[in-house]
Number of protein chains: 2
Amino acid sequence: MRDPLPDFPGYSLRRAANATSAELSARLGTLDLRQVDASAMMLIESNPGVTGSALARQLDIQRANMVPLLKRLEDAGLIDRAPIDGKSQGLELTTTGRERVTAARHTIETFEHELLARVPEEHRAHLLPALNALWQ
Amino acid sequence: MRDPLPDFPGYSLRRAANATSAELSARLGTLDLRQVDASAMMLIESNPGVTGSALARQLDIQRANMVPLLKRLEDAGLIDRAPIDGKSQGLELTTTGRERVTAARHTIETFEHELLARVPEEHRAHLLPALNALWQ
DNA sequence: TATTGTTATACTCTATAACTATA
DNA sequence: TATAGTTATAGAGTATAACAATA
């Protein structure tokens, strides 16, 4: 079939994101994590005591949608919450959470390595900076 | 906030796709089109008489989800269906559909041009081939 | 006055299973 | 036996509005 769509960067971006996202989700699923769980946990790991609101802003997630996300992580014993003041609560990884995020990072790094291997060498180093220029 | 996530190509890919997709959707919305509508119409334009099933395969959309999509396009007077045999039907753009897809392509090309302008010149030419290597 | 955490809700997108009719 | 079109439905993911309590 004639297909003019892959010539559009926007289309290719969406297709590439969908394809790789589905694959990564399947792998993180073996750790009982979603992609957003792993992202949130890595941010908490790098910023212990961060609030849910700050996390939401950094991940570009609605504050309201953080509630079930954090509840899931807490119920799974992966994070703890401690009051900062009367209205804010700081988030930290539990011991289990630290182990899980380490496993997740390993899964992700393996995945990204395979991902980049698909890209011809001449283009490889340009992918990340080009992508980050699009949204950062 | 310390944020290790933009160093992961998979994360940057998803963030870039989300950000650009939201922007493009808003622009296509002024033409009463969704992204997938524009994609489907461009494929029909390039392959007049194509079936809905073939379209679904090319776009990686479930056959079942093509039904409301095509109904929407037909109700809007953008496509016509003509029986090929007893079970298949060929899709074609109407006159209105051809005008609309031309407008959509203009919108998309303008958008992509702005998109690529955000990417530093040294990386620009590498984006599309790198992306296409990830899913094609 | 702005922000945090929360509840409730609706909407879009997508996936699955099943069915009929036809190739 | 495989494919086309379809129906119905369920599950994610996300967006909006509103609220009480606190900074």
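Every chain is numbered from 1, with letters handed out A, B, ... down the list of sequences.
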Student: Between B:Glu114 and B:Arg118, does any side-chain N to carboxylate O distance fall below 4.0 Å?
Tutor: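 Between B:Arg118 and B:Glu114 there is no salt bridge, as every charged N stays at least 4.0 Å from the carboxylate O atoms.
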
Student: Strictly distance-based, threshold 3.5 Å: is any side-chain N or O of B:Arg14 a donor or acceptor partner for the main-chain N or O of A:Ser21?
Tutor: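 Looks like no, no N/O pair under 3.5 Å.
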
Student: CG of A:Leu70 versus C1' of C:dT7: gap in Å, rounded?
Tutor: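 To the nearest whole Å, that distance equals 15 Å.
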
Student: More 5' along DNA chain C: B:Arg72 or A:Arg81, using each one's nearest nucleotide?
Tutor: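 Its nucleotide being nearer the 5' end, the pick is A:Arg81.
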
Student: Would you kindly give the NZ-to-P distance between B:Lys71 and D:dA4, to the nearest whole Å?
Tutor: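 About 22 Å, once rounded to whole Å.
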
Student: Taking A:Ser12 for the side chain and A:Pro6 for the main chain, is one N or O donor matched with an acceptor at less than 3.5 Å?
Tutor: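 Yes.
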
Student: Is the side chain of B:Arg2 donor-acceptor paired with the backbone N or O of A:Asn47 at a distance under 3.5 Å, no angle test?
Tutor: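 Absent.
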
Student: Donor-acceptor pair, distance only, cut-off 3.5 Å: does the side chain of B:Arg100 make one with the backbone of B:Leu31?
Tutor: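 It does hold such a pair.
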
Student: Round to a whole Å and report the spacing from CZ of A:Arg14 to P of C:dC13.
Tutor: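 Taking CZ of A:Arg14 and P of C:dC13, I get 10 Å after rounding.
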
Student: Quick one: what's the B/S/- string for nucleotides 7-12 of chain D, heavy-atom cutoff under 4.0 Å, read 5' to 3'?
Tutor: BB----

Student: Provide, to the nearest angstrom, the distance between the CZ atom belonging to B:Arg57 and the C1' atom belonging to C:dA15.
Tutor: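 After rounding, the reported distance stands at 18 Å.
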
Student: Roughly how many Å is it from CD in A:Gln62 to P in D:dA17, rounded to a whole number?
Tutor: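 The answer, rounded to whole Å, is 11 Å.
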
Student: Mind calculating the distance between CG (B:Leu69) and P (C:dT12) to the nearest angstrom?
Tutor: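 In whole Å, C:dT12 P and B:Leu69 CG are 14 Å from each other.
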
Student: Is a side-chain donor or acceptor of B:Gln35 paired with a backbone partner of B:Leu24 at a separation under 3.5 angstrom?
Tutor: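 No; zero donor-acceptor contacts below 3.5 Å.
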
Student: What nucleotide among D:dT16, C:dT6, D:dA2 has an atom nearest to a side-chain atom of B:Lys87?
Tutor: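 My answer, after comparing the listed nucleotides, is D:dA2.
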
Student: Look at the side chain of A:Gln89 and decide which nucleotide, out of D:dT6, C:dT4, C:dT6, has an atom nearest to it.
Tutor: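 Given the options D:dT6, C:dT4, C:dT6, the side chain of A:Gln89 is closest to C:dT6.
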
Student: May I have the distance from B:Arg15 (atom CZ) to D:dT14 (atom P), rounded to whole angstrom?
Tutor: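 Value for this atom pair: 11 Å.
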
Student: How long is the line joining CG of A:Asp85 and P of C:dA2, in whole Å?
Tutor: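 Distance check: A:Asp85 CG to C:dA2 P gives 19 Å.
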
Student: Relative to the 5' end of DNA chain C, which residue comes earlier, B:Ile61 or B:Ser88, by the nucleotide with the nearest heavy atom?
Tutor: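 Nearer the 5' end of the strand: B:Ile61.
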
Student: Using modelled atom types only, decide if a donor and an acceptor are shared between the side chain of B:Thr94 and the backbone of B:Gly77 within a distance under 3.5 Å.
Tutor: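 The answer is yes, because a donor-acceptor pair under 3.5 Å joins these two groups.
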
Student: So do A:Tyr11 and B:Leu59 actually touch side chain to side chain, heavy atoms under 4.5 Å?
Tutor: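 Touching, per the 4.5 Å side-chain cut-off.
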
Student: Between B:Glu45 and B:Arg98 (side chain of the first, backbone of the second, donor and acceptor by atom type, cut-off under 3.5 Å), is there such a pair?
Tutor: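 The answer is no, because no donor-acceptor pair under 3.5 Å joins these two groups.
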
Student: Near DNA chain C, under 4.0 Å by heavy atom, which residues of residues 42-50 of chain B?
Tutor: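 Heavy-atom contacts with DNA chain C come from no residue of residues 42-50 of chain B; none.
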
Student: Is any side-chain nitrogen or oxygen of B:Ser53 closer than 4.0 Å to OP1 or OP2 of D:dT3?
Tutor: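 Checking B:Ser53 against D:dT3: no side-chain N or O falls below 4.0 Å of OP1 or OP2.
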
